[in-house]
Protein chains: 2
Amino acid sequence: MPLQLSVDRNSPVPLYFQLSQQLEAAIERGALTPGSLLGNEIELAGRLGLSRPTVRQAIQSLVDKGLLVRRRGVGTQVVHSQVKRPLELSSLYDDLEAAGQRPATRVLANTVVPATAEVAAALGVGEGGEVRRVERLRLAHGEPMAYLCNVLPVGLLDLESGQLEETGLYRLMRAAGITLHSARQAVGARAATRAEAERLDEPEGAPLLTMERTTFDDTGRAVEFATNVYRASRYSFEFQLLVR
Amino acid sequence: MPLQLSVDRNSPVPLYFQLSQQLEAAIERGALTPGSLLGNEIELAGRLGLSRPTVRQAIQSLVDKGLLVRRRGVGTQVVHSQVKRPLELSSLYDDLEAAGQRPATRVLANTVVPATAEVAAALGVGEGGEVRRVERLRLAHGEPMAYLCNVLPVGLLDLESGQLEETGLYRLMRAAGITLHSARQAVGARAATRAEAERLDEPEGAPLLTMERTTFDDTGRAVEFATNVYRASRYSFEFQLLVR
DNA sequence: AAGTGGTCTAGACCACAGC
DNA sequence: CTGTGGTCTAGACCACTTC
């Protein structure tokens, strides 16, 4: 029993995208089981009334996502999966919300300051140039989870403290039309200083997770430099890496 | 002065790949500066004696890598970069070697054991089924850096302790014809227990970086489950995330 | 209006896997 | 040998951006 597939030529959605979505949905709901063959491209194209390149484009996007494998002389198979969908650029706010933790934010600072050497290097602005600095305490269930310090180029977007208490920074950036593309991160650990310990309600010397992140938009501009500190007892990062 | 580009039709290397490599090299050596336009696809195709789809395929691969941006009605531009090449699936051995640290490995255990529930779930084998467990201490300059515990399906590859002392696990897997595709990681921190402290030459309670990783090959099979512990005073992770 | 990338077609030949 | 995906061509029309 072949899979039920069809495309709508009157839709503004590209045909290859319609097809790849249907295939992805079929894989996700188990209609296409791991290891099963997809049927050859030419036959599939004929069945759908599409050209082979269009079908290939649909399949290729799923290969890139890691859902399908192609083998010359064999065919296209559903991956022997366990691999779930890649995680998005981790956003603490979204993570907490998804976990049903009802995140809250306390804005500790939201000012324009001169860039330090480190910030200037990360954001690609001149040292001493103006940048916006936002310091926030992120809480879940009233308990502090992390101390977040973000530095952004001025003029990139309006950041009102009120908005920052309502939602996450990445959502505000996306809403401002910024297309996030990638982020370079460094994750480490260290013992809490006295000030950090107090802020995060941990004993002095408690292990903290640290993260430095520079985020880039789709034009390669650095749009944010973050130095965050998380309570290791309450939070860990999860993410998926792709091998190139 | 247009860029010097050419393709060799007698080469077994695909034409689109030849082109994308030349463009990438030109970007990397600065012959194509950030923000500069690439020239439209049809003209480029004509100049190289290629068809437009072939040129598009070359350009698309660089767009996927984040080196180029396309804008309808505008053209294809070199990204306003700072974004360096994405990091490979981080391998401690390679990281250390690249940093000139001359890594060494001490194999503490290399045995076949029954899978715990956690391992069984990660590797997709039956609970209690046989798996290979490798415990290693990784050193740099004679100092311990990390304690690595890897569990693999039996029969995936031969793992001799001698080889494990010579090189990294991922290199051995690649050499055995396994194509690594992606990894799901969780990174956290905690205070060192007494046993860990002793093994890593840290004081008890010192902050440690922890990582759990399940690695998948290109067919989606889980090929490794790792639980590693790093001295936070000596090591931090760097990696690049792509936003989807 | 002109120029760009985005999508799509209907073919073609080749390289590799499996029988 | 047969069937599969991998590569490539020479067009076409559309949507969007800029002037």
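Every chain is numbered from 1 and lettered A, B, ... according to where its sequence line falls, protein lines coming before strand lines. Treat the numbers as computed from the prediction; the structure is a model and nothing was measured.
Not a single donor-acceptor pair under 3.5 Å links the side chain of B:Q240 to the backbone N or O of A:R184. Side-chain N or O atoms of A:N228 include none that pairs as donor or acceptor with a backbone N or O of A:E212 at under 3.5 Å.
Heavy atoms of A:I42 sit nowhere under 4.0 angstrom from any nucleic acid atom.
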Compile the donor-acceptor pairs under 3.5 Å between side chains in residues 112-129 of chain A and protein atoms, sequence neighbours left out, one pair per line.
residue	atom	partner	partner atom	Å
A:T116	OG1	A:V119	N	3.2

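In terms of heavy-atom proximity, A:L62 sits nearest to A:S20 at CD1-O, 3.7 Å. The two residues B:R138 and B:P103 make their nearest non-hydrogen contact at CD-CB, 4.3 Å.
Within 6.0 Å of CG on B:D8 lie more than 12 heavy atoms contributed by other residues, nucleotides or ligands.
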Taking only N/O atoms, report every protein-nucleotides 17-19 of chain D pair under 3.5 Å with atom names and distance.
residue	atom	partner	partner atom	Å
D:dT17	O4'	B:R72	O	3.3

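Between B:E41 and B:R70, at least one side-chain nitrogen of the basic residue sits less than 4.0 Å from a carboxylate oxygen of the acidic one, meeting the salt-bridge criterion. Using a cut-off of 4.0 Å between Lys/Arg side-chain N and Asp/Glu carboxylate O, B:E24 and B:R29 are scored as not salt-bridged.
The side-chain hydrogen bond (donor to acceptor under 3.5 Å, both in side chains) search around B:S161 returns B:N110, not counting sequence neighbours. Applying the salt bridge (Lys or Arg N to Asp or Glu O under 4.0 Å) rule to B:R133 yields the partners B:E135; only residues at least two apart in sequence or on another chain are considered.
Nucleotides of DNA chain C with any atom under 4.0 Å from a heavy atom of chain A span, from 5' to 3', C:dT7 to C:dA17.
Contacts of residues 48-63 of chain B with DNA chain C (heavy atom under 4.0 Å): B:R52, B:R56.
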